[in-house]
There are 2 protein chains.
Amino acid sequence: MTSTDPAPSGLRPTRQRIAVAEAMASFDDFRSAQDIHELLSRRGEPVGLATVYRTLQRMVESGEVDLLRTEDGEASYRRCSDTHHHHLVCRTCGATIEVEGPGVERWTRAIAEEHGYAQVSHTLEIFGTCAACR
Amino acid sequence: MTSTDPAPSGLRPTRQRIAVAEAMASFDDFRSAQDIHELLSRRGEPVGLATVYRTLQRMVESGEVDLLRTEDGEASYRRCSDTHHHHLVCRTCGATIEVEGPGVERWTRAIAEEHGYAQVSHTLEIFGTCAACR
DNA sequence: AAGCACATGAGAATCATTGTCAACTCGGCG
DNA sequence: CGCCGAGTTGACAATGATTCTCATGTGCTT
């Protein structure tokens with residue numbers, strides 16, 4: 001593996017931002033900011049909790065990571081591809097599959113337009129129990 | 001307004017539960033528990049905040065009201081029809097329109113099945129700015 | 001090397017939501 | 001009608017995630 005991760009978007013590549021970016025590259029499921037903060041500490045690359053939150057926020061804005069809210073409203077993060085997509089998440093083990101639904105995109109846009117809503121965005125997540133957890 | 005509302009599901013019809021049910025019947029948009037608590041106070045039917053939360057939770061479980069998380073993770077409630085549906089919500093004023101998307105339902109089920117996920121459920125909300133708030 | 005805008009972190013501050021628990025209420029029963 | 005127990009309530013404390021503050025540190029540019 002090449003050094004893989006520079007740093008979030010076009011921001012100053014500080015030790016902390018690089019550490020967060022690397023941490024995000026090291027797992028495949030959704031994790032809370034607190035989990036990530038803890039993971040960094042254990043790795044010996046401590047980053048302040050506030051900084052973790054700030055960095056994650058920026059990465060979400062720049063589209064480098066996905067943000068999703070668990071059923072109880074907590075935010076969780078995961079690195080993602082740069083195309084618009086949704087998630088099929090195992091509600092038991094968290095295994096996540098990125099899926100695309102051009103039809104859905106079209107549909108939401110049409111519905112919104114039809115009712116005069118602008119600046120449309122949407123959230124769509126699919127939950128289920130994966131084969132391994134059955 | 002006729003008395004319309006008995007009380008949530010099959011619970012003891014206390015003054016508080018009736019008041020909450022009536023309050024829910026009095027508006028059409030999504031409101032936070034705190035908003036509802038305040039609305040009740042202003043109406044002269046004060047109900048403790050904890051009770052508002054408890055009652056709302058029960059109503060969500062029984063399917064009498066919809067719960068949705070705003071983009072910043074706060075819970076908001078709204079009475080709803082009993083058929084499965086989604087929402088087109090104004091992110092400024094909260095005005096909500098219930099929408100159905102048979103195509104989407106089919107699509108999510110197909111995707112999940114294709115990847116071996118069972119007991120599928122999904123969340124889909126559309127956010128936008130309504131004509132009045134533009 | 002110097003200056004400075006941007007970053008960081010420790011801890012305080014917010015704020016929605018939940019827990020605690022003593023006081024209260026509803027309905028059934030004698 | 002009065003009493004009892006389970007279910008309810010509400011004032012307030014407690015939690016917990018996220019954000020704010022602000023003094024201090026650091027990456028670049030000149």
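Throughout, a chain's letter reflects where its sequence line sits, starting with A, and its residues are numbered from 1.
- Here C:dC6 presents its P atom at 17 Å from CD of A:Gln16, a figure rounded to the nearest Å.
- Between A:His86 and B:Trp107, the two ring planes are perpendicular [angle over 60°; tilted spans 30° to 60°].
- Judged by distance alone with a 3.5 Å cut-off, no donor-acceptor contact links the side chain of A:Arg15 to the base of D:dG27.
- Nearest to the side-chain atoms of B:Arg54 among the listed nucleotides C:dT20, D:dG7, D:dG27 stands C:dT20.
- To the nearest angstrom, P of C:dT17 lies 16 Å from CZ of B:Arg31.
- Per the geometry, CG belonging to B:Asp35 stands 13 Å off C1' belonging to C:dC15, to the nearest Å.
- In this structure, CD of B:Gln57 is placed 18 Å from P of D:dG7, rounded to the nearest angstrom.
- Looking at B:Arg43 and B:Ser26, their side chains do bring a donor and an acceptor atom within 3.5 Å of each other.
- With rounding to whole Å, B:Arg17 atom CZ is found 6 Å from D:dT8 atom C1'.
- A donor-acceptor contact closer than 3.5 angstrom links the side chains of B:Glu98 and B:Ser81.
- Side chain to side chain, A:Arg54 and A:Thr51 meet the donor-acceptor criterion of an N or O pair below 3.5 Å.
- Whole-Å rounding puts the B:Arg69 CZ to D:dA17 P distance at 13 Å.
- Atom P of nucleotide C:dT25 and atom CG of B:Leu11 are separated by 19 Å, given to the nearest angstrom.
- Rounded to whole Å, the distance from CG on A:Asp72 to C1' on D:dT15 is 13 Å.
- Among the nucleotides C:dA16, D:dT18, D:dC28, the one closest to the side chain of B:Glu74 is C:dA16.
- Residue B:Tyr53 places at least one side-chain N or O closer than 4.0 Å to OP1 or OP2 of C:dT17.
- Taking side-chain N and O atoms only, B:Thr14 has a distance below 4.0 Å to OP1 or OP2 of D:dT9.
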